[in-house]
Peer 1: 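Pasting in a structure now, in structure tokens, and then I'll have a few things to ask.
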2 protein chains.
Amino acid sequence: MRSAEFDRSHVLEQAMHTFMEHGYAKASMQKLTQATGLHPGSIYCAFGSKKGLFIEAVSYYHQQKLLAFEALFSDDQAVLSSLKQLLANTVQECVQNTCAKVCLLTRSLNEIEGQDPEIAQLLATNLQQIEHSLGEQIARAQRQGEAISDEAPLALARFITMGIYGMRTYAFTNADQNILEQMSAQLLRAIQKH
Amino acid sequence: MRSAEFDRSHVLEQAMHTFMEHGYAKASMQKLTQATGLHPGSIYCAFGSKKGLFIEAVSYYHQQKLLAFEALFSDDQAVLSSLKQLLANTVQECVQNTCAKVCLLTRSLNEIEGQDPEIAQLLATNLQQIEHSLGEQIARAQRQGEAISDEAPLALARFITMGIYGMRTYAFTNADQNILEQMSAQLLRAIQKH
DNA sequence: AGGACTCTTGAATGAACATTCAAGTATATC
DNA sequence: GATATACTTGAATGTTCATTCAAGAGTCCT
């Protein structure tokens, strides 16, 4: 026996950054071997293929986003203020000048469309899971009497989710923090009671 | 002298469809020659490169969208009803099962990020032009006393634009017509007077 | 210490890619 | 109809790509 010499999390972290920076197609194996420090053979041994590595990197990204979401929406805090923070964090990501400005899930979903149904399905499922969690939080806000619209919580969650997707694409045309903050405020207002 | 044997508009139309279906990177010259009926040499003679062909195909797409926009927002009609129709048309595109479901501009913008600043700039400029036209229409609606929020027309136009971008990405996760129509209604409500 | 097992290495492989160009072909002008 | 001037053709080019694999090296067990 002999255990693998590399730290799987660290490799996935680097691969994730490479895919975020270059997209799926343009993240060549050469870039991936440089970023991860692994040789081609090791990547194929550990992940099977470039696609396999991508799928694990996506899952790694998704896991991180889920954890951040759960940390943000802790039970002892108003849902609306957590939501406001979620949008503020998204804006902060969008105005970065690093690969952190992109959402690996939404960017890859746009790229992969019509190419690989298996990857598209994985991305969609991951995004829907976050949307679903958001729906639960909005339902909680309604139960707790926060000043939120009495529409179906899932409809409100979808609307916010769509808004975040839209902001991410919008930021590629104009990564102006003030504009993105104004959009966040408009989104929040749209789901509040008035 | 001898005039070109192919119809430039027809070639751009076919190239546009190929880029919409496969994205920029995966639309290989082989697929492009098959779709357009042109041989590689002819494409390079007429458009310089794959990138040159893409840029012209994007401009062709943009031109079409601008014409459709102007036809929709004719002067003798309430802006809000044209806007409603614009969103309904977008939903119809999103639920198609053909390449017509994607917006070449937003999809390419997501794909190209961090790869080719020249193309990114072109896409952003084209998208901003439509956003700007929408802003003018919203200003007109305000002047004509339609039941629309009295926020800055550009801010409202940005919000709708963002919403459309969001719906397009959302549709990749769940192309349900009812859901997309509900989102459209939520977007419209958010910019109306209340 | 020796042998068995497994992981690592990185050059080699073949496919797919964008691009070029010399030969071929059609048109226009005189 | 001859010549010049384009446009068309598609095989060839060189590059880049994902992937493989045989040789090498490390680790564990007896």
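Below, each value reflects all heavy atoms present in this structure, side chains not excepted, and no hydrogens, waters or symmetry copies. Proteins come first, then strands; the chains are lettered A, B, ... in the order of their sequence lines, and each starts at number 1.
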Peer 1: So Tyr24(B) and Phe54(B), would you call those rings parallel, tilted or perpendicular, with 30° and 60° as cut-offs?
Peer 2: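 Answer is tilted, since the angle falls between 30° and 60°.
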Peer 1: Between Glu93(B) and Lys65(B), does at least one N-O distance fall below 4.0 Å, as a salt bridge requires?
Peer 2: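 A salt bridge is present here (some side-chain N lies under 4.0 Å from a carboxylate O).
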Peer 1: Starting from C1' on dT20(C), measure out to CZ on Phe47(B) and report it in whole angstrom.
Peer 2: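 Whole-Å distance recorded here is 18 Å.
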Peer 1: When the distance from CG of Leu38(B) to P of dG10(D) is rounded to whole Å, what number comes out?
Peer 2: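 Result: 12 Å.
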Peer 1: In whole angstrom, give the distance that lies between atom CG of Leu32(B) and atom P of dG10(D).
Peer 2: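 So the CG-P distance, Leu32(B) to dG10(D), works out to 18 Å.
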Peer 1: With a 3.5 Å cut-off and sequence neighbours excluded, list the donor-acceptor pairs that the side chains of residues 183-190 of chain A form with protein atoms.
Peer 2:
{"residue": "Ser184(A)", "atom": "OG", "partner": "Leu180(A)", "partner atom": "O", "Å": "3.1"}
{"residue": "Gln186(A)", "atom": "NE2", "partner": "Ala155(B)", "partner atom": "O", "Å": "3.4"}
{"residue": "Arg189(A)", "atom": "NH1", "partner": "Glu151(B)", "partner atom": "OE2", "Å": "3.1"}

Peer 1: Thinking salt bridges, do Glu111(A) and Lys26(B) make one under a 4.0 Å N-O criterion?
Peer 2: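 Lys26(B) and Glu111(A): not salt-bridged.
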Peer 1: Mapping Ser42(A) and Pro40(B) to their closest nucleotides on DNA chain D, which lands nearer the 5' end?
Peer 2: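 It is Pro40(B), whose closest nucleotide lies nearer the 5' terminus.
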Peer 1: Round to a whole Å and report the spacing from CD of Gln34(B) to P of dT9(D).
Peer 2: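 To the nearest whole Å, that distance equals 15 Å.
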Peer 1: If you count heavy atoms of other groups shown closer than 6.0 angstrom to CD of Gln128(B), is the number above 12?
Peer 2: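 Enclosed.
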Peer 1: Quick one: do Lys101(B) and Glu113(A) make a salt bridge, cutoff under 4.0 Å?
Peer 2: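 Salt bridge flag = yes for Glu113(A) with Lys101(B).
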Peer 1: Measure from CD1 on Ile43(B) to P on dG10(D) and round the result to the nearest Å.
Peer 2: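 Spelled out: CD1 on Ile43(B) to P on dG10(D) is 14 Å.
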Peer 1: Anything under 3.5 Å between a protein N or O and an N or O of nucleotides 15-17 of chain C, put it in a table, one pair a line.
Peer 2:
none

Peer 1: Looking at Tyr44(B), I'd like to know whether one of its side-chain N or O atoms comes within less than 4.0 Å of OP1 or OP2 on dT20(C).
Peer 2: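 Result: no.
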Peer 1: Does a side-chain N or O from His39(B) land closer than 4.0 Å to OP1 or OP2 of dG10(D), or not?
Peer 2: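 Answer is yes, contact under 4.0 Å.
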Peer 1: May I have the distance from Phe54(A) (atom CZ) to dC17(D) (atom P), rounded to whole angstrom?
Peer 2: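 The distance from CZ of Phe54(A) to P of dC17(D) comes to 17 Å, rounded to the nearest Å.
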